[in-house]
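Please read all numbers here as calculations on a predicted model, not as lab measurements.
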Amino acid sequence: MQTDAPAAAWDFTAISSTHLVDEVEAQLIHAIAAGIIPPGGRIVEAELARRMGISRAPVREAARRLERQGIVVARPRRGFVVRTISAKEIDDLYQVRLHMEIQAIELACDRADEAGMQRLQDALGRMVAEAGTAPQTQRVMRDLEFHTLICELSGNSYLLKLFINMRTELLMIMALIELAYQDPQLVAETHQPIVDCIRNRNARAAVAAMRVHLEDARKHVRALYAEKHGEKTVRQSRRSTQRTGTP
């Protein structure tokens, strides 16, 4: 069922910068990641433009960008709506993410310099420091910033570009299942073994740590999805995965 995003639920701020489309896109992503514009929720161009103090054209172009990223879809006579997502799509995305990040961490162990390793430790420090007080969307963004930095430290610019293109969809998945960690502090601290392995340039241990970390994240996502949408959907997705022989 498609529903319009509640007008008063999100305080879209006025924009005066020359980079209008970039800023509109950022605000829309934040609203979707926070669940303010829910799955099936419509992006009401006229109202958002009014709230931001701009014309409708930048809002429409930002929505088109999100459409190209697979975050929203265009509906006849309804404009752009936030897409829904299935359990299989969650599995597929995390499978791709796992392979990408394993490649990234292997390369980072070999190529990262000391300054890069310190940046990674600093990123983890911010995650831990903000875990107890930051809102969910900020915690998730810090988490993704950490993993993006590992891709950057791989030295493979194409791998980094692919991961950046995937981040918005990861944010959306976390919002769709109303992801809420029971212990944000513990979740932040589980990244420390990954940093330690990279600093020791132990690629084998780093890959193992990353695999455990991401597989645990996927199981957590799947469990929350099942709670929200029903276990049957998840079992169907698992049978489909078994038939294709993918992990």
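- Considering CG of Asn165 and CG of Leu160, their distance stands at 9.5 Å, rounded to 0.5 Å.
- A salt bridge between Asp92 and Lys88 is present, with a side-chain N of the basic residue lying under 4.0 Å from a carboxylate O of the acidic one.
- Judged by distance alone, with hydrogens and angles left aside, the side-chain atoms of Arg142 form no donor-acceptor pair with the main-chain N or O of Val128 at under 3.5 Å.
- Proximity of Ile105 to Glu101: side-chain heavy atoms (C-beta onward) are nowhere separated by under 4.5 Å.
- Between the Glu89 side chain and the Ser86 main chain, a donor and an acceptor come within less than 3.5 Å of each other.
- Ion pairing of Asp113 with Arg119 is absent here, as no side-chain N (NZ or NE/NH1/NH2) approaches a carboxylate O to less than 4.0 Å.
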Worksheet item: Which is it for Glu23 and Met52 under the side-chain contact (heavy atoms from CB on, under 4.5 Å) test, yes or no, and what are the steps along the way?
Response: CA-CA 10 Å; Glu23 295 197 27; Met52 295 178 186; over 6 Å; no
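- Side chain of Arg201 to backbone of Cys109: a donor-acceptor contact under 3.5 angstrom is found.
- Counting heavy atoms from C-beta outward, Leu162 and Val96 have side chains that stay 4.5 Å or more apart.
- The distance from the CG atom of Leu170 to the CE atom of Met141 is 11.0 Å, given to the nearest 0.5 Å.
- Atom CZ in Arg211 sits 5.0 Å away from atom CG in Leu98 (nearest 0.5 Å).
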Item to complete: Could you check Ile198 against Ile150 for side-chain contact (heavy atoms from CB on, under 4.5 Å), going step by step and ending with a plain yes or no?
Response: CA-CA 9 Å; Ile198 294 176; Ile150 291 177; 4.3 Å; yes
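- The aromatic rings of His147 and His213 lie parallel to each other, their planes meeting at an angle below 30°, with 60° marking the opposite boundary.
- Looking only at side-chain heavy atoms (C-beta outward), Glu145 and Leu149 stay at 4.5 Å or farther from each other.
- Remark: Glu67 does not engage Arg64 in a salt bridge, criterion side-chain N to carboxylate O under 4.0 Å.
- Between atom CZ of residue Arg75 and atom CD1 of residue Ile43 there is a gap of 12.5 Å, rounded to the nearest 0.5 Å.
- Phe163 places none of its side-chain heavy atoms less than 4.5 Å from the side chain of Glu152.
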Worksheet item: Checking side-chain contact (heavy atoms from CB on, under 4.5 Å) for the pair Arg111/Leu153: CA distance, chi angles, key distance, verdict?
Response: CA-CA 7 Å; Arg111 299 177 178 178; Leu153 296 179; over 6 Å; no
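- A continuous path of Ile, Leu, Val, Met, Phe, Trp and Tyr side chains, each step under 4.5 Å between heavy atoms, connects Leu144 with Val221, placing both in one hydrophobic cluster.
- Looking at every heavy atom in both residues, Ile54 comes nearest to Leu20 through CG2-CD2, 4.0 Å.
- Under the salt bridge (Lys or Arg N to Asp or Glu O under 4.0 Å) criterion, Arg68 pairs with Glu61, sequence neighbours left out.
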Discussion item. If you apply the rule side-chain contact (heavy atoms from CB on, under 4.5 Å), what do you find for Arg65 with Asp22, and how did you get there?
Written reply: CA-CA 10 Å; Arg65 287 186 182 183; Asp22 291 344; 2.6 Å; yes
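- Taking the side chain as every heavy atom from C-beta outward, Arg42 and Glu47 never approach each other to under 4.5 Å.
- Of all the heavy atoms in Ser154 and Cys151, the pair that sits closest is OG-O, 2.5 Å.
- The shortest side-chain heavy-atom distance between Leu48 and Gln27 does not fall under the 4.5 Å cut-off.
- Note that CG of Leu120 and CD1 of Ile194 are 8.5 Å apart. Values are rounded to the nearest 0.5 Å.
- Two residues are said to be in side-chain contact when any heavy atoms from C-beta on lie closer than 4.5 Å; Leu66 and Ile32 meet this criterion.
- Between the side chains of Asp91 and Gln95, no donor-acceptor pair is found at a separation under 3.5 Å.
- Contact check for Arg167 versus Val140: no side-chain heavy atoms found under the 4.5 Å cut-off.
- Cluster membership check: Met117 shares its hydrophobic cluster with Val207, using side-chain heavy-atom separations under 4.5 Å among Ile, Leu, Val, Met, Phe, Trp and Tyr.
- Rounding to the nearest 0.5 Å places CD of Gln192 at 9.0 Å from CZ of Arg199.
- Tested against Glu45 for a salt bridge (Lys or Arg N to Asp or Glu O under 4.0 Å), the candidates Arg78, Arg50, Arg56 yield a single pass: Arg56.
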